[in-house]
Amino acid sequence: MSHSLQKDEVAALLEEIATLMRLAGENDFRAMAFDRAARTIENLDGDINQYIEKQTLTTLKGIGNSIAEDLYIYAETGSIPVREKLLEQVPSGLFSWLKISGLGPKKIFKIHKALNITEITELKDRCKDGSVASLPGLGQKSAENILKSIRWMEQFAERCRVDEAEIIADSFVGILSDAEGVEQVSVAGSLRRASETIGDIDILVAAQEVHSENIMERFVRNSEVVEVLGRGTTKSSVRTGEGRQVDLRIVDPEHYPAALMYFTGSKEHNVAMRQRARTRNLQLNEYGLFHQNADNQADFNRPLPVDSETDIYRHLNLAYIPPELREGHGEFELAEGGISPDLVELRDLQGIIHAHTTWSDGKRSIREMAKACTRRGYRYLAITDHSRTAAYAGGLTVDRVYEQWKEIDVINNEYAQRGTDFYILKGIESDILSDGKLDYPDEVLKGFDLVIGSVHFGLENPPDKMLDRLMRAAAHPHLHMLGHPTGRLLLQREGSKADLNRLIPFAAEHNTAIEINANPRRLDLDWRYGRKAREVNLMSAVCPDAHSEEGLDDVRYGIGTARKAGFPAQRILNTFSLEELMKRLG
DNA sequence: GCCGTTTTCGGCCCGACTGTTTTCAGTCG
């Protein structure tokens, strides 16, 4: 009897097989095929179970008879023969070795075979006693590097939040922009793509070759640097005190656009771009876009004219694809028509929605937060303190709500009299209770201009229960928007597992928005749901969830997430004028 | 293992850097 499958589960399974194959020394192209199939499943529109029931998996690009058959068997029996066979050859302990920088599948399997070890602790011992250094193809230096990497790995997290990465990146960019001969500097990689967490920080510099030595020197001499991992004339890597790796690449100014595209990635995006170039008998690399010579190699003497990333896309019959969308996640379909996707920008924001004050757990008064907003050029601010159930955060009792409204009225009156074009909306971040009800009776709720509903407890409840809870809240006539829908804290806590692919259409149907919480610890709604959101025209708002003045500036991270999710300004509530917004809120 | 209006076989993205190498494999992005 077949059981119901999840896309993520199947994708993870295929990826695992790919990894096992590499560790087992299998042909890499075979492994790549499983990786590609994993990505196809991951990005699949619709229900994978439909494809399995109808036996139509082979209609998908990257899935042929063999993998399709594997998955039909998996749906039927819960196991795949090829995986079972591989697991016999490759001990599961070796998986964690892949995280050791400098160690790849080949060396891992070689060491494992030669020394008969499977655990990282054993690997450490064998590095120390010289056994690793004595293996062919490895040496003293290799053993030392492995030990060093393991120590870093144990001490520091693999990834960091985007706000943490930004601070480090700014330091390097600052130092490099001042260096002699530097014509352009840009952050590339996942930071430029506005990913929610960052592994390595990539920086690209355009400069004439004569200056590169000096620029490299400045780079590795930055006070943030605690270790130089590699140093060449065009490429160097360092590690900072926070344990982050920073890579610098220096290119000739004429290669800058292609290099910027290359180092921005994502890997998946790059691969797709190069394949696209090849189908047009062109060759794309980090130096440019070239015609091919007789043996299908890039003919560096015959470049296509490229002055910007836009030119590269245009030569490949695509509209400009903003960095945030370059995830191999449907962006090519969007740009195929030649019209660049219209994405919300920071300057589109006209007001702030979702901020806390000293009335609950914020650090600043209403007046101070309002002033901070006017200083930043915003036209309105929706104050949304916590509701009464959030006692730990100073949630407002009904009486306090009424008092706060009075204060807001007083301040708004002052603005009106002074002719200040600014308005404070009476809002609330109401807890969504276990049964999906909101935290005040309807007669209180209807007095707010804006009601956000958020889950703050019971995140670990079963997915179906959580979905039901969120749906009940979304259907509430007085609720305008769901706050941080999964409740995740990046790199700290998983969010609830409610199926957002079901919640999003339901919310859209009930004219309820779902927030993009811009706090860099959250960035929730996850951008990966952007496609579903677009399908059903879901409304959102980019909300700082600010507890302080500086917290307001977190909206820039939320804009990154909104762009990544493909939101145009028209589907972001706080890009509206006050009048439009009030009309929408009814 | 997948894929094909130039191919049903022979390709599969591509270059920099490191370490262990006397010419290159492995890793990384």
Side-chain angles (χ1 to χ4, degrees), chain A residues 14 17-18 21-22 25-40 57-71 80 82 97-111 132-146 148-149 188-190 192-193 199-204 212 216 228-237 245-251 255 258-259 261-290 292 295-298 300 328:
Chain A
L14 293 171
I17 292 173
M21 282 178 166
R22 292 197 171 94
E26 179 70 70
N27 178 347
D28 198 48
F29 292 116
R30 220 182 139 207
M32 273 165 59
F34 277 86
D35 263 336
R36 204 168 333 125
R39 193 120 313 109
T40 299
L57 276 175
T58 50
T59 60
L60 299 171
K61 211 168 157 54
I63 298 184
N65 287 326
S66 172
I67 291 180
E69 197 53 43
D70 286 344
L71 293 182
I80 300 179
V82 63
W97 293 28
L98 282 166
K99 289 188 181 159
I100 301 167
S101 135
L103 264 193
K106 297 263 165 42
K107 286 187 193 168
I108 290 175
F109 203 65
K110 183 192 275 185
I111 296 172
V132 168
S134 67
L135 297 176
L138 292 142
Q140 190 56 42
K141 198 82 187 206
S142 302
E144 278 168 27
N145 284 342
I146 291 169
K148 213 181 272 178
S149 291
S190 54
R192 181 162 185 248
R193 297 200 311 276
D200 298 345
I201 295 168
D202 299 297
I203 298 174
L204 180 67
S212 67
M216 279 301 175
V228 179
L229 299 169
R231 178 168 177 179
T233 52
T234 66
K235 186 182 165 187
S236 295
S237 299
Q245 183 175 328
V246 184
D247 298 333
L248 171 66
R249 184 74 182 255
I250 303 175
V251 299
H255 300 142
M261 172 177 285
Y262 176 78
F263 288 105
T264 298
S266 67
K267 195 174 172 177
E268 289 75 15
H269 184 83
N270 287 349
V271 169
M273 286 292 285
R274 285 177 199 184
Q275 283 167 344
R276 211 179 159 89
R278 273 185 163 263
T279 64
R280 288 163 175 72
N281 292 319
L282 299 170
Q283 195 91 9
L284 178 65
N285 57 35
E286 66 252 58
Y287 297 106
L289 187 58
F290 301 91
Q292 291 182 334
D295 45 339
N296 287 349
Q297 301 292 312
F300 285 89

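Atom-to-atom, NZ of A:K235 to C1' of B:dG15 comes out at 8 Å; the value is rounded to the nearest Å. When rounded to the nearest whole Å, the span between NZ of A:K61 and P of B:dG4 equals 5 Å. Atom CG of A:L282 is separated from atom C1' of B:dT6 by 16 Å (rounded to the nearest Å). Distance A:K107 NZ to B:dT20 P: 8 Å, rounded to the nearest Å. Distance, A:M261 CE to B:dG29 P: 21 Å, rounded to whole Å. One can place CG of A:N270 at 18 Å from P of B:dC28, the figure rounded to the nearest angstrom. Residue A:Q245 contributes atom CD, which lies 14 Å from atom P of B:dC17 at whole-angstrom precision.
At B:dC17, none of the side-chain N or O atoms of A:S236 fall inside 4.0 Å of OP1 or OP2 (strictly under the cut-off). Residue A:S142 places none of its side-chain N or O atoms closer than 4.0 Å to OP1 or OP2 of B:dG19. At least one side-chain nitrogen or oxygen of A:Y287 sits closer than 4.0 Å to the OP1 or OP2 atom of B:dA16. Between A:R278 and B:dC12 there is a side-chain polar atom (N or O) within less than 4.0 angstrom of OP1 or OP2.
Using a 4.0 Å heavy-atom distance criterion, A:P105 is classed as a sugar-phosphate-only contact. Note on A:Q140: only backbone sugar-phosphate atoms sit closer than 4.0 angstrom, heavy atoms only; bases stay farther off. Across all strands shown, A:L60 has heavy atoms under 4.0 Å from sugar-phosphate atoms exclusively, and none from any base. Within the 4.0 angstrom heavy-atom criterion, base atoms lie near A:K267.
Under a 3.5 Å cut-off, the side chain of A:T58 and the backbone N or O of A:N65 do not form any donor-acceptor pair. A donor-acceptor pair under 3.5 Å is absent between the side-chain atoms of A:S236 and the main chain of A:L248, judged by distance alone.
Across all strands shown, B:dC14 is found opposite B:dG29 as a Watson-Crick or G-U wobble partner, with both distances under 3.5 Å.
Residues A:S190 and A:G199 come closest through the heavy atom pair OG-N, 4.3 Å.
Comparing atom distances between the A:K141 side chain and each of B:dG19, B:dG15, B:dC17 picks out B:dG19 as nearest.
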